[in-house]
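Worksheet: one structure, shown below.
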2 protein chains.
Amino acid sequence: MARTVDPERTRARRDAISSAAADLFATKGFDHTTAAEIARAAGLSSGSVFYYFADKRAVFRSIFEADLPASREMVARHAEGTDPLGSILAMVDELGGPAQDPSASGILIELLRQIDHDVQLQIVIAQTTEVIRGGLVALVERGQASGVLDPELDPTEAAAWIQNIVDGAFLSADPERDPRPMLRRIVARFLSTPPSTQGGNS
Amino acid sequence: MARTVDPERTRARRDAISSAAADLFATKGFDHTTAAEIARAAGLSSGSVFYYFADKRAVFRSIFEADLPASREMVARHAEGTDPLGSILAMVDELGGPAQDPSASGILIELLRQIDHDVQLQIVIAQTTEVIRGGLVALVERGQASGVLDPELDPTEAAAWIQNIVDGAFLSADPERDPRPMLRRIVARFLSTPPSTQGGNS
DNA sequence: GTCTATAGCTGGATAGAC
DNA sequence: GTCTATCCAGCTATAGAC
């Protein structure tokens, strides 16, 4: 006896809605994207959108829910290794690479707009941010211990600024220009031990 | 005989609407701020908003129109001086200082969202951005000429990245934390001549 | 110039057929 | 599960009185 619902199919439908919506939200914004448009883009009717999602916000949230496991995976992948700064820069490359894509830029901006108005979304994003920050903090600390990175920096604050810098790159998305080389330069110089300036602590 | 319109009064009313709207747009967003709310906050009726402005977008634009002369003034103020890097950092301080203010952060995010949908707004912002960029480019070039700043950097690209970094600071507005010291560090290190690394060109 | 009142439209979410 | 049809709230922008 077949089950009433095929979970695989349900997931596929949800994903279709989610990814069609992501494109629309990125280009038109959340408020100017109608449920009917999402439905059309996903190949079903407007009523069905509300069968798979409680409301429009839930559709928006679903876009970012996939990021959490992906972030965990990325952090784990860069956690080991003998070169902490190298690992940080590799993470920066991964995080900042999509900044070239205007669609990624658009969805980040939309996220910034929506996050104040949706507590559930705040939780999802806070988790993802924390995972990435945690990975960066650990690497900064290791870099400081090995003398490559400036020991004066507070690791948590430094990690937050790395995320800031990367996010800044998203704000001027230019498909023609790979932001990663400059991002690497900025972050590497930001973190590194001052060449000779002796910080005269007693 | 008094003139029918008192230009001074008209300007005052427009400013009242503009600044009341800025607060609302920053916290609630453009789409969720109604003309009636703006009117109430400015102390007049909803119909009057459309007497002073052609439409809601024009109200939003007016917020940024004041930035252009202010930017010219700031650039002029930092154009002279014997210490180009110092001048750049002073500009970064001025540009990034408001990042602490959640309202400034909110309005920047809203700007990013609206700019795609309003050509007139694009023009206003492009002009302001150009003025600031121009000021930074000149200072970078002078710093390079005097050997303080890395000659390998393309001045225009470097200026654009300074603006990116500053904007990034706005994305995590924290009233408790002054972003300026870190911004100065990041920008100074980003621009400065590499300590000894000889770039072996030929 | 400034108000009140409202026309006219849009779009989220639902009801109920299939 | 998926559709169509639609209700209803909310809003911009205008009309016209004062």
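Quick caveat: nothing in here was measured; it's all calculated off a predicted structure. Letters A, B, ... are given to chains in the order of the sequence lines, protein chains preceding strands, and every chain is numbered from 1. Hydrogens, waters and symmetry mates are skipped; everything else that's a heavy atom, side chains included, is used.
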Side chain of [X] only, heavy atoms from C-beta on: which candidate in [options] is closest?
| X | options | value |
| --- | --- | --- |
| Phe50(B) | dT2(D), dT12(D), dG12(C) | dT12(D) |
| Ala35(A) | dT2(D), dG12(C), dC3(C) | dG12(C) |
| Ser46(B) | dT14(C), dG12(C), dA13(D) | dA13(D) |

Regarding Arg9(A), tell me which of base, sugar-phosphate or nothing describes its non-hydrogen contacts under 4.0 Å with the strands shown. sugar-phosphate
Under 4.0 Å between any heavy atoms, over every strand shown, what does Ser45(A) touch: base, sugar-phosphate, or nothing? Just pick one. base
Between [atom2] on [N] and [atom1] on [X], what's the gap in Å once rounded to a whole number?
| X | N | atom1 | atom2 | result |
| --- | --- | --- | --- | --- |
| Tyr52(A) | dA13(C) | OH | P | 18 Å |
| Phe60(B) | dT12(D) | CZ | C1' | 17 Å |
| Ile38(B) | dA13(D) | CD1 | C1' | 13 Å |
| Leu24(A) | dG12(C) | CG | C1' | 16 Å |
| Asp31(A) | dG10(D) | CG | P | 15 Å |
| Tyr51(B) | dC3(C) | OH | C1' | 13 Å |

Measuring to OP1 and OP2 of dG12(C), would you say a side-chain N or O of Arg57(A) lies under 4.0 angstrom away? no
Should Thr34(A) be listed as having a side-chain N or O under 4.0 Å from OP1 or OP2 of dG11(C)? no
Check Val49(B) against Ala39(B) and note the closest heavy-atom contact, atom names and distance. CG2-CB, 3.7 Å
Would you please indicate yes or no on a ring centroid separation below 6.0 angstrom for Phe30(A) and Phe60(A)? yes
